[in-house]
Amino acid sequence: MIRVLLAEDEPKMAAAIRRVLTAERCSVESAKDGVEALLAAAGGTFDVIVLDRMMPGIDGLDVVRVLRSRNDQTPVLMLTALGTVDQRVGGLEAGADDYLVKPFDFGELLARVRALQRRPRGIDGPVLEKGGVALDPVSRAVSTGGRPLNLTATEYLILELLMRRSPAVVDRKAIAEHAWADETDPLGSNAIDVQLSRLRAKLPNAGIRIVTVRGAGYRLEEA
């Protein structure tokens with residue numbers, strides 16, 4: 001059973017989403033605003049958080065920022081009526097893992113929730129090591145120099161893929177397919193560039209670097 005925290009302030013929309021999720025045997029806890037969402041997240045364990053961007057008081061962007069500052073890496077699907085690329089990327093920059101623009105198809109919502117729920121388990125196998133970085137696919141723990149490295153779920157997936165493929169070049173399509181529920185979304189925007197920029201900023205002294213191979217993709221190599 002997938003455990004979902006649903007934060008949506010519009011009652012009819014919240015009720016509709018809840019019905020769809022529970023019909024698919026999801027366990028759903030509801031929050032009507034950002035404050036309730038943060039309290040629920042602090043007090044429970046969820047597989048996925050479905051979060052409306054525009055809520056009274058603390059909005060969805062601030063909720064995600066607080067969650068990530070707490071080192072809560074629960075995958076977040078952000079719901080937004082703001083459909084421009086810059087506005088969508090804003091959600092990713094705040095720490096969300098995926099987004100869905102209203103109005104949306106409930107079948108797509110379910111598919112994205114399932115995809116996000118599957119991601120945190122990673123791919124079982126031995127610890128991956130490169131430079132000063134160690135990545136455990138079972139626990140999803142990442143460390144550098146023995147110190148924990150705080151990554152979002154999307155950043156983790158990108159780093160995992162690059163480490164598994166290193167020293168080979170990984171193209172943008174492969175990154176999109178691995179790290180997003182719908183790979184066409186990041187391919188049609190600068191979302192991949194945003195995530196790579198954030199990831200690079202967290203690896204300045206990690207003994208590795210992500211190199212852009214013009215026209216081909218990206219390669220992870222020891223610094």
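Keep in mind that this is a model prediction, so the values were computed, not measured. Each residue takes its place number in the sequence, starting with 1. Every heavy atom of this structure was used, including side-chain atoms; hydrogens, water molecules and symmetry mates were not.
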Within a radius of less than 6.0 Å around NZ of K202, do more than 12 heavy atoms belonging to other residues, nucleotides or ligands occur?
yes
Heavy atoms of other groups near N205 CG, more than 12 under 6.0 Å
no
pair V170-L220: side-chain heavy atoms closer than 4.5 Å
no
Do V28 and V20 share a hydrophobic cluster, counting only Ile, Leu, Val, Met, Phe, Trp and Tyr and linking them when any side-chain heavy atoms are less than 4.5 Å apart?
yes
Sequence neighbours excluded, which residues qualify as salt bridge (charged side-chain N to carboxylate O under 4.0 Å, His left out) partners of D193?
R172
Can you check salt bridge (charged side-chain N to carboxylate O under 4.0 Å, His left out) on R68 and D97, steps first, answer last?
CA-CA 11 Å; R68 299 315 185 216; D97 300 282; 2.9 Å; yes
Would you compute the distance between atom CD1 of I17 and atom CG of L79 and round it to the nearest 0.5 angstrom?
5.0 Å
By side-chain contact (heavy atoms from CB on, under 4.5 Å) - contacts of P148 (at least two apart):
none
Are D33 and D9 side-chain neighbours, meaning at least one heavy-atom pair lies under 4.5 Å?
no
Between S197 and V194, is there a donor-acceptor pair closer than 3.5 Å when you use the side chain of the first and the backbone of the second?
no
Contacts of E29 meeting salt bridge (charged side-chain N to carboxylate O under 4.0 Å, His left out) (sequence neighbours excluded), chain-then-number -> none
Give a yes or no on this: more than 12 heavy atoms of other residues, nucleotides or ligands lie within 6.0 Å of atom CZ of R198.
yes
Using the side-chain contact (heavy atoms from CB on, under 4.5 Å) criterion, which residues pair with S143? Sequence neighbours excluded.
A134
Can you tell me which residue among T45, D47, T74 is in a side chain to side chain donor-acceptor pair (under 3.5 Å) with R3?
D47
Can you name the residues that form a side-chain contact (heavy atoms from CB on, under 4.5 Å) with A42, not counting sequence neighbours?
R70
For R209, what residues pass the salt bridge (charged side-chain N to carboxylate O under 4.0 Å, His left out) criterion, not counting sequence neighbours?
E221
Are T212 and R200 close enough, and set up right, to give a side-chain hydrogen bond (donor to acceptor under 3.5 Å, both in side chains), and what steps lead you there?
CA-CA 11 Å; T212 301; R200 282 172 167 140; 2.8 Å; yes
Begin with the C-alpha distance, continue with both residues' side-chain angles, and end with the deciding distance and a verdict on salt bridge (charged side-chain N to carboxylate O under 4.0 Å, His left out) for E8 and K102.
CA-CA 12 Å; E8 167 64 64; K102 298 178 180 179; 3.1 Å; yes
Pick from I158, I175, V213: which one makes a side chain to side chain contact (heavy atoms under 4.5 Å, CB included) with Y218?
I175
